[in-house]
Asks: 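This is the structure I want to talk about, given as C-alpha cells.
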Amino acid sequence: SVSISHTTRLPRPKEKNGKDYFFVSKNNFKKLIKKNEFIEHAKVFDNYYGSSKSLVIEKLKEGKNILFDIDWQGTRQIKNKNLNYKLVTIFILPPSKNELLKRLTKREDKNMKTVKKKNERI
C-alpha cells in the first residue's frame with residue numbers, strides 16, 4: 001500500500017487530491033503538526049510534506065506493507081521513532097546533477113525560481 005502524503009504545494013496538472021497527495025494550506029499543515037498527526041514531515045524547498053500517522057498505523061495493524069515516497073528527512077524521523085515494524089530504506093538518486101536539473105526544469109517549468117533555488121542547494 002502506498003502512503004499518500006499531505007503537501008502544501010499546488011497540484012501539478014493531472015494530480016488529484018486524495019489520490020496523489022492530500023493538498024492542504026500551510027496553516028492547516030501547521031495545525032496538523034501541532035496535533036502530532038504526522039509520522040514524519042519535512043519542509044522541502046518552501047513546501048511542506050507529511051505522512052498521516054493514523055493512516056499509516058492503521059494499514060500496518062492490518063498487516064499491510066507501506067511504501068513511502070519521501071526524502072531523507074522523513075526517513076530519519078521514521079527510523080528514530082523505533083516502531084515495532086521492520087523498516088527497509090532505499091534511496092534513489094539521479095545519474096548526475098545535470099540530469100536532476102533537467103528533470104526539475106521539466107517538472108517545474110512554470111517556476112524557474114524553485115529550480116534555481118534547488119540547484120544552489122545541490
Side-chain angles (χ1 to χ4, degrees):
S1 187
V2 176
S3 175
I4 301 172
S5 297
H6 287 69
T7 185
T8 59
R9 76 163 172 74
L10 295 174
R12 294 185 186 119
K14 298 184 183 179
E15 286 183 328
K16 304 274 187 241
N17 189 47
K19 181 179 180 238
D20 300 293
Y21 286 93
F22 295 108
F23 296 98
V24 298
S25 70
K26 285 187 180 180
N27 284 339
N28 284 342
F29 195 97
K30 289 177 181 179
K31 287 178 187 176
L32 293 170
I33 291 171
K34 285 181 183 177
K35 293 164 97 177
N36 199 27
E37 294 288 328
F38 295 117
I39 195 165
E40 62 81 28
H41 64 26
K43 185 175 182 182
V44 182
F45 304 118
D46 298 327
N47 289 301
Y48 292 89
Y49 296 84
S51 302
S52 169
K53 182 172 20 176
S54 61
L55 292 176
V56 168
I57 297 299
E58 178 183 316
K59 289 179 182 180
L60 289 171
K61 286 182 178 179
E62 292 172 1
K64 296 180 180 175
N65 293 320
I66 308 297
L67 178 64
F68 293 92
D69 180 6
I70 58 177
D71 75 349
W72 64 271
Q73 296 172 83
T75 303
R76 183 168 44 185
Q77 289 176 40
I78 293 173
K79 283 177 111 173
N80 290 339
K81 290 196 184 322
N82 293 317
L83 302 172
N84 290 326
Y85 298 96
K86 184 177 180 181
L87 178 65
V88 177
T89 59
I90 300 169
F91 290 93
I92 301 172
L93 300 173
S96 68
K97 183 178 176 181
N98 286 338
E99 178 62 25
L100 174 61
L101 292 174
K102 185 173 19 170
R103 292 175 188 181
L104 291 172
T105 303
K106 183 177 179 182
R107 184 174 77 185
E108 301 272 351
D109 60 351
K110 293 181 182 176
N111 192 348
M112 287 305 295
K113 183 179 175 185
T114 301
V115 173
K116 289 176 183 175
K117 187 174 185 177
K118 289 176 183 179
N119 185 29
E120 292 168 5
R121 293 185 176 180
I122 299 172

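Heavy atoms only: backbone and side chains are in, while hydrogens, waters and symmetry mates are out.
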Asks: At what distance, to the nearest 0.5 angstrom, does CG of Leu32 lie from CZ of Phe38?
Replies: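 Leu32 atom CG to Phe38 atom CZ measures 4.5 Å (nearest 0.5 Å).
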
Asks: Looking only at heavy atoms, what is the nearest atom pair of Leu100 and Pro94, with distance?
Replies: CB-CG, 3.7 Å

Asks: How long is the span from the OG atom in Ser3 to the CD1 atom in Ile39, to the nearest 0.5 Å?
Replies: 8.5 Å

Asks: Within the 4.5 Å heavy-atom criterion, are Val56 and Ile78 side-chain neighbours or not?
Replies: no

Asks: Can you list the residues that meet the side-chain contact (heavy atoms from CB on, under 4.5 Å) rule with Ser52, with sequence neighbours excluded?
Replies: His6, Ser54, Leu55

Asks: How long is the straight-line distance from CG of Asn47 back to NZ of Lys26, given to the nearest 0.5 Å?
Replies: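 CG of Asn47 is found 6.0 Å from NZ of Lys26.
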
Asks: Under 3.5 Å, sequence neighbours excluded: what are the donor-acceptor pairs made by side chains of residues 57-67?
Replies:
unit_1: Lys59; atom_1: NZ; unit_2: Ser1; atom_2: OG; d: 3.1
unit_1: Glu62; atom_1: OE1; unit_2: Lys64; atom_2: NZ; d: 3.2

Asks: Determine which pairs satisfy side-chain hydrogen bond (donor to acceptor under 3.5 Å, both in side chains) with at least one residue from residues 31-41, sequence neighbours left out, and list them in order.
Replies: Glu40-Ser51

Asks: Where the side chain of Thr7 meets the backbone of Tyr48, is there a donor-acceptor pair that is under 3.5 Å apart?
Replies: yes

Asks: Using side-chain contact (heavy atoms from CB on, under 4.5 Å) as the criterion, list what pairs up with Asp20, not counting sequence neighbours.
Replies: Glu15, Lys16

Asks: Is Asp71 close to Tyr49 at the side-chain level, that is, under 4.5 Å between some pair of heavy atoms?
Replies: no

Asks: Going only through I, L, V, M, F, W and Y residues with side-chain contacts under 4.5 Å, is there a path from Phe45 to Tyr21?
Replies: yes

Asks: Which residue pairs pass the salt bridge (Lys or Arg N to Asp or Glu O under 4.0 Å) test when at least one of the two sits in residues 73-86, sequence neighbours left out?
Replies: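 Counting only pairs at least two positions apart or across chains, no salt bridge (Lys or Arg N to Asp or Glu O under 4.0 Å) contact touches residues 73-86.
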
Asks: Can you list everything that forms a salt bridge (Lys or Arg N to Asp or Glu O under 4.0 Å) with Lys102? Sequence neighbours excluded, please.
Replies: Glu99

Asks: Measure the CG-CG distance between Asn82 and Leu87 for me, rounded to the nearest 0.5 Å.
Replies: 10.5 Å

Asks: Taking it one step at a time, do Thr75 and Phe91 satisfy side chain to side chain contact (heavy atoms under 4.5 Å, CB included)?
Replies: CA-CA 10 Å; Thr75 303; Phe91 290 93; 3.9 Å; yes

